[in-house]
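In what follows, a single structure is set out as structure tokens and then discussed.
Note that these values count all heavy atoms, side chains included, but never hydrogens, waters or copies made by symmetry. One-based numbering along the sequence shown. No experiment lies behind these values; they were computed from the predicted model shown.
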Amino acid sequence: MVVSCSGYGCTNRRQKENGIHFHRFPLKRPDVLKKWLHEMRRKNFTPNQYSYLCSEHFTPSDYLNESRPELDKKLLKDEAVPSVFKFPQHLQKKQKASRPLLQNRQKANDQNNMIHAEIVNEAGEDSSTNTMVLSNCLIYNLF
């Protein structure tokens with residue numbers, strides 16, 4: 001039987017001396033298996049005892065230092081999860097964009113709170129004229 005990689009779009013197959021290692025899915029460890037399947041992003045894929053992922057889907061930090069060169073075998077850490085895939089655009093993880101408008105609004109609110117505190121301190125208590133000044137500051141800073 002030909003051993004081939006189950007990664008999305010990966011066409012690697014086991015061949016002698018190509019430097020690619022193949023790893024079985026952690027079927028007996030459901031928590032790790034769930035992480036592997038989540039990272040693979042393949043719908044309706046259920047791995048079995050004949051399913052493999054190649055070493056190109058793992059980073060060097062996923063491997064134990066005590067690999068066995070005499071067997072030409074690299075050993076994965078127990079909690080290693082594949083993270084290197086070449087997905088098309090629609091399957092790539094979406095980056096969360098920062099929202100500078102909300103950050104600016106928070107800064108304006110902080111400034112208004114400081115102005116309000118200064119007005120209250122100068123007047124001794126919050127009077128209607130001070131409140132009106134504060135309202136004008138809020139409108140001015142937010143828009």
Do Met40 and Tyr8 pass the side chain to side chain contact (heavy atoms under 4.5 Å, CB included) test, and can you show the C-alpha distance, the side-chain angles, and the key distance before you say yes or no? CA-CA 7 Å; Met40 287 182 61; Tyr8 184 90; over 6 Å; no
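- Arg14 is not listed as a side-chain neighbour of Ser4, based on a closest heavy-atom distance of 4.5 Å or more.
- The shortest heavy-atom contact between Thr59 and Ser83 is CG2-OG, 3.7 Å.
- Linking ILVMFWY residues whenever their side-chain heavy atoms come closer than 4.5 Å, directly or via other members, places Leu33 and Val81 in the same cluster.
- Here the straight-line distance linking atom OG of Ser6 with atom CG of Leu53 works out to 6.0 Å at 0.5 Å rounding.
- The distance from the CG atom of Leu37 to the CZ atom of Arg42 is 10.0 Å, given to the nearest 0.5 Å.
- When all heavy atoms of Cys10 and Cys54 are compared, the pair lying nearest together is SG-SG, 3.7 Å.
- In this structure, the ring pair (Phe, Tyr, Trp, His ring centres under 6.0 Å) partners of Phe25, at least two apart in sequence or on a different chain, are Trp36, Phe45.
- Contact between Val32 and Ala80 at its shortest, heavy atoms only, is CG1-O, 4.1 Å.
- A heavy-atom distance below 4.5 Å is not found between the side chains of Lys35 and Pro82.
- Contact of the Asn18 side chain with the Gln15 side chain is registered, since non-hydrogen atoms from C-beta on lie closer than 4.5 Å.
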For the pair Phe58 and His21, evaluate ring-ring contact (aromatic ring centres under 6.0 Å, His included) and give the outcome as yes or no after the intermediate values. CA-CA 10 Å; Phe58 295 91; His21 300 276; over 10 Å; no
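- The hydrophobic cluster containing Val84, built from Ile/Leu/Val/Met/Phe/Trp/Tyr side-chain heavy atoms closer than 4.5 Å, comprises no other residue.
- Nearest heavy atom pair, residue Leu27 against residue Pro47, reads CD2-O, 3.9 Å.
- In terms of heavy atoms, His23 sits closest to Tyr63 at NE2-OH, 3.1 Å.
- A donor-acceptor contact shorter than 3.5 Å links the side chain of Arg29 to the backbone of Asp78.
- Heavy-atom contacts from other residues, nucleotides or ligands closer than 6.0 Å to CZ of Arg13 number 12 or fewer.
- Among residue pairs with one or both ends in residues 47-58, those qualifying as side chain to side chain donor-acceptor pair (under 3.5 Å) are Asn12-Glu56, Arg24-Tyr52, Asn48-Ser51; sequence neighbours excluded.
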